[in-house]
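Remember, it's 1-based here, ligands and their atoms both numbered in the order they're listed.
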Amino acid sequence: MKLVIAGDHASPALKRALVHHLRGRGHQVEDLGTDGESSVDYPDYAALACRAVLDGQAERAVLICGTGIGIGIAANKIPGIRCGIAHSVDTGRLAWEHNRAQVLAIGARVLDSRTATAVVDAWLDAKADEGPRHQNRIAKIAALENPACSTASKPC
Ligand code: RB5
């Protein structure tokens with residue numbers, strides 16, 4: 001699979017380990033930075049990686065910050081992106097199975113590299129649940145990008 005990976009200054013060591021692991025599994029992985037310990041802003045890296053997915057340069061993106069939360073929130077602001085914030089093998093798997101999250105955010109300060117690797121593998125190996133309830137919910141998530149739906153008093 002074609003992947004991009006990006007993160008803030010909390011990410012470089014974990015990002016390098018993941019790039020090595022994922023390439024070893026045969027994935028094509030582009031590392032979009034950051035590479036150093038100097039403080040950077042995670043929304044910038046969320047935008048960079050999500051843009052690559054939306055432009056079709058990559059099928060999926062892995063995002064890393066200290067907790068996975070900030071970069072995940074930022075990614076979910078970008079129309080068309082569903083970003084799962086995962087901290088276990090189960091949440092990684094379900095982010096694809098139920099939510100078809102094409103972006104996964106993880107926390108370098110809350111997961112060791114072995115767990116983070118297992119979480120990302122579970123997400124990449126999962127099979128989407130084609131059940132109509134999930135399709136319907138994903139369509140409703142997309143509808144919320146329309147202000148007429150997100151501000152409506154009843155579900156669109
Ligand atoms: C940066 O210090 C830290 O706030 C960031 O990596 C992340 O954890 C935010 O959610």
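- Below 3.5 Å of separation, one finds no N or O of Ala10 facing any N or O of ligand 1.
- Under 4.0 Å is where a charged nitrogen must lie from a carboxylate oxygen, and between Glu130 and Arg100 at least one such pair does.
- Taking 4.0 Å as the cut-off between side-chain N and carboxylate O, Asp121 and Arg93 do not count as a salt-bridged pair.
- Close approach of ligand 1 to Asp8 is summarised as follows: ligand atoms under 4.0 Å from at least one heavy atom of the residue are 1 (C), 5 (C), 6 (O).
- Cation-pi check for Arg82 over Trp96 is not met; the charged atom does not lie both under 6.0 angstrom from the ring centroid and within 45 degrees of its normal.
- Under 4.0 Å is where a charged nitrogen must lie from a carboxylate oxygen, and between Asp35 and Lys15 at least one such pair does.
- Among protein heavy atoms, the minimum distance from atom 1 (C) of ligand 1 is reached at His9 NE2, 3.5 Å.
- Taking distance alone, with nitrogen or oxygen atoms compared against 3.5 Å, Gly70 approaches ligand 1 more closely than that limit.
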Next on the checklist: Under the criterion salt bridge (Lys or Arg N to Asp or Glu O under 4.0 Å), I'd like the reasoning laid out for Glu30 against Arg23: C-alpha separation, chi angles, the key distance, then a yes or no.
Outcome noted: CA-CA 10 Å; Glu30 189 178 357; Arg23 285 183 182 152; over 6 Å; no
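- Below 3.5 Å of separation, one finds no N or O of Tyr42 facing any N or O of ligand 1.
- Of the heavy atoms in Thr67, both backbone and side-chain atoms come closer than 4.0 Å to ligand 1.
- Here the closest heavy-atom approach between residue Leu48 and residue Leu32 is recorded as CD2-O, 3.6 Å.
- Closest to atom 3 (C) of ligand 1, if we only count protein heavy atoms, is Arg109 NH1, 3.9 Å.
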